[in-house]
Amino acid sequence: MARVFYLDNAQHVTIEKLKDIGVQLFKFDVSDYASNPSYTALIKEHSLNFSDILITDNKDPQYKEKMKNFFEEHMHKEDEVRFFLSGGGYYDVRDKSDRRWIRIHGVAGDLIVLPAGIYHRFSNDEQDYAKILRLFVTSATWRPLNRSPSVDNLEERKKYLNTYNITITPPTVNAYILDMPYKKVSTDYLISIGVEFWKLDVTNYETKLEEIRKDRGYNYHDIVLTDPEHLPNYEEKIKIFFEEHIHKDEEVRFFLEGSGYFDVRGHEDEWIRIHAVAGDLLVLPAGIYHRFSNDENRYAKVMRLFAGSPTWTPYNRSDSDTAKITERTQFEQSLEGKKTPYNGLTNIVCHNPDEFDKLIETISKKNENEQIDCPIIMYFTAAENTQTKQLWCPDARKAQPLVEEALCKTLNNTTKQICFIKFPIRQEDYKGNPEYYFRLHPIVKLTRIPTMALFKNGNLEKRLIEGELHSLETILDFLK
């Protein structure tokens, strides 16, 4: 049977855990699989009426492009059924938390069934060759739907999550750009730079923590107090913790009491401050530049968790050799193509119209002082209805996933900076109110929701309004 393990720590994953996410594995003799009753029953059960042969060979002139597409995280609207006839390859699937990759190493004789709606990807193993029988319900065509907010909303994805009782509710953490505290950072952004976190009940955390420890191989822990009374050589230690550094292993910290700051470097080398409090379990990946400091309380009781020997060895950024450490270069490679907006849909969220002019002035001065050409994109959209938890404007609801997808693609496909500001507008403030602030503002002159506008040289130079924001291509072209 295929070898199955977590990609981040190589820990074995059971067949039962695969079944929990709908993945099935079978083993057949490649010399007579077609006559095997179990094989024919499987074909009938899944209504697999079409097939073809896929050969993933580096001799193919289009090999690199094909493998790049296969390795893009995606889903399908129907089951993906693959039987390895020779060679080998990796199928990576998301676990129930939707954070971790489970790797399935398929070799000759392995048949893999991935349910419709599961996010996954494929790559060759070290042989750089596989001959795979692909089986389909409809025509023998491969239709990937790459992960995006709009794909998340497809019925096949929702059905998959419901069928396997998967609820994706990422925990919240207080994170922001250090020199701009109003610029909040989303969980998606933290995940994109490899930072993981859980929220545990400090009065009843043992079962959940043990599950995490077992899954990730954390076999040792200790307790550290960070206050002046209990931390030996307090001033010296705090100074060492605050020196920017990396580790060759993950840094795993569970806050039992008190609070403190972890600062980590983001995609643009900016400082992101994470204000950890009791109940926060943080995992910083090996190779990420970071530092720690107490907050104004000057106290935290923290459990440190380790995989293997309990060592804390910092490699300071001030040492030129640190940038050459394998774990650092591997971390940098892991960030490629993962740039995402700071705050989900936005870089900055402005809820108070009275702050508009001051915000634009601050950003414009920052661009001028740093001598950078950073276009300011303003997005005026509907706020959430407090009862339904949905945007109150239908046009804004339809535009939201497309705007988010366009912004993510733009950030990952260009080196230029974009300052994207969202203004969520409440229905009771806007609808039927001709005196609403942005309607009368001499620059904005808002007439419709949603509206996207480019601010340049003190004016709004161009706009997309309502239905124009229902086209992904139109938004992408606007953001160029």
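Values reported hereafter were calculated over all heavy atoms of this structure, with side chains retained and with hydrogens, waters and symmetry mates removed.
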Interatomic spacing from [atom1] in [X] to [atom2] in [Y] - rounded to 0.5 Å:
{"X": "T322", "Y": "R328", "atom1": "OG1", "atom2": "CZ", "value": "10.0 Å"}
{"X": "T447", "Y": "E466", "atom1": "OG1", "atom2": "CD", "value": "7.5 Å"}
{"X": "N294", "Y": "D227", "atom1": "CG", "atom2": "CG", "value": "8.0 Å"}
{"X": "D95", "Y": "K17", "atom1": "CG", "atom2": "NZ", "value": "8.0 Å"}
{"X": "L464", "Y": "S471", "atom1": "CG", "atom2": "OG", "value": "9.0 Å"}
{"X": "N385", "Y": "C393", "atom1": "CG", "atom2": "SG", "value": "12.5 Å"}

Between [X] and [Y], does at least one N-O distance fall below 4.0 Å, as a salt bridge requires?
{"X": "K96", "Y": "D20", "answer": "no"}
{"X": "D79", "Y": "R134", "answer": "no"}
{"X": "D263", "Y": "R291", "answer": "yes"}
{"X": "E250", "Y": "R216", "answer": "yes"}
{"X": "R100", "Y": "E196", "answer": "no"}
{"X": "K324", "Y": "D319", "answer": "no"}
{"X": "R157", "Y": "E155", "answer": "no"}

Atom of [X], atom of [Y] and distance for their closest heavy-atom approach:
{"X": "A300", "Y": "F255", "value": "CB-CE2, 3.9 Å"}
{"X": "K248", "Y": "I325", "value": "CE-CG2, 3.9 Å"}
{"X": "S192", "Y": "L335", "value": "O-CD2, 3.6 Å"}
{"X": "E296", "Y": "Y261", "value": "OE1-OH, 3.4 Å"}
{"X": "D395", "Y": "P450", "value": "CB-CD, 3.6 Å"}
{"X": "I449", "Y": "A382", "value": "CG2-N, 3.7 Å"}

Donor-acceptor under 3.5 Å ([X] side chain, [Y] main chain):
{"X": "D60", "Y": "Q62", "answer": "yes"}
{"X": "R103", "Y": "Y91", "answer": "no"}
{"X": "R439", "Y": "Y430", "answer": "yes"}
{"X": "D477", "Y": "E473", "answer": "no"}
{"X": "D280", "Y": "V277", "answer": "yes"}

Using the benzene-type ring in the case of Trp, are the ring centres of [X] and [Y] under 6.0 Å apart?
{"X": "Y189", "Y": "H267", "result": "yes"}
{"X": "Y315", "Y": "H245", "result": "no"}
{"X": "F242", "Y": "F292", "result": "no"}
{"X": "H74", "Y": "W142", "result": "yes"}

Donor + acceptor pair across side chains of H120, D92 (<3.5 Å):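 No - no donor-acceptor pair under 3.5 Å links their side chains.
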
Between N316 and S318: side-chain donor-acceptor atoms closer than 3.5 Å: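 No donor-acceptor contact under 3.5 Å links the two side chains.
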
Salt bridge (charged side-chain N to carboxylate O under 4.0 Å, His left out) between E211 and K208, worked out: CA-CA 5 Å; E211 179 184 317; K208 180 62 179 176; 3.5 Å; yes

Pair E468, R463 - check salt bridge (charged side-chain N to carboxylate O under 4.0 Å, His left out), show working. CA-CA 9 Å; E468 293 173 327; R463 304 174 186 240; over 6 Å; no

Return yes when atom NZ of K68 has more than 12 non-hydrogen atoms of other residues, nucleotides or ligands closer than 6.0 Å, and no otherwise.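 Open.
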
R317, CZ atom: more than 12 neighbouring heavy atoms under 6.0 Å: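 Yes, because the 6.0 Å sphere around CZ of R317 holds more than 12 heavy atoms from other groups.
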
ring-ring contact (aromatic ring centres under 6.0 Å, His included) against Y119, all qualifying residues, sequence neighbours excluded: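 Checked Y119 against ring-ring contact (aromatic ring centres under 6.0 Å, His included); zero matches.
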
Contact between [X] and [Y] at the side-chain level, heavy atoms closer than 4.5 Å - yes or no?
{"X": "F70", "Y": "T56", "result": "yes"}
{"X": "L178", "Y": "I272", "result": "no"}
{"X": "I425", "Y": "T381", "result": "no"}
{"X": "F197", "Y": "V283", "result": "no"}
{"X": "N58", "Y": "N124", "result": "no"}
{"X": "I102", "Y": "F5", "result": "no"}

Name the one of F438, F455, Y436 that satisfies ring-ring contact (aromatic ring centres under 6.0 Å, His included) with F423?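 Checked F438, F455, Y436 against F423; only one passes ring-ring contact (aromatic ring centres under 6.0 Å, His included): F438.
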
Testing V23, I104, V93 one by one against V4 for a side-chain contact (heavy atoms from CB on, under 4.5 Å), which residue passes?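 Looking at V23, I104, V93, the match for V4 under the side-chain contact (heavy atoms from CB on, under 4.5 Å) is I104.
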
Do you know which of L114, V113, V81 makes side-chain contact (heavy atoms from CB on, under 4.5 Å) with Q24?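 Of the listed options, the one satisfying the test is V113.
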
Show the numbers, then the answer: is there a side-chain hydrogen bond (donor to acceptor under 3.5 Å, both in side chains) between T138 and E78? CA-CA 9 Å; T138 54; E78 62 180 51; 3.2 Å; yes

Could you check whether [X] makes a cation-pi contact with [Y], meaning its NZ or CZ is under 6.0 Å from the centre of the six-membered ring and within 45° of the ring axis?
{"X": "R273", "Y": "Y176", "result": "no"}
{"X": "R143", "Y": "F136", "result": "no"}
{"X": "R397", "Y": "W392", "result": "no"}

Step by step, would you call L479 with I475 a side chain to side chain contact (heavy atoms under 4.5 Å, CB included)? CA-CA 6 Å; L479 293 174; I475 303 170; 4.1 Å; yes

Contacts of R265 that satisfy side chain to side chain donor-acceptor pair (under 3.5 Å) - sequence neighbours left out: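 Testing R265 for side chain to side chain donor-acceptor pair (under 3.5 Å), a comparison that skips the adjacent residues, returns E244.
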
Salt bridge (charged side-chain N to carboxylate O under 4.0 Å, His left out) between E80 and R82, intermediate numbers included: CA-CA 7 Å; E80 178 160 330; R82 301 294 184 262; 3.7 Å; yes

Parallel, tilted or perpendicular: ring planes of F254 versus Y205, cut at 30 and 60 degrees: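 Perpendicular.
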
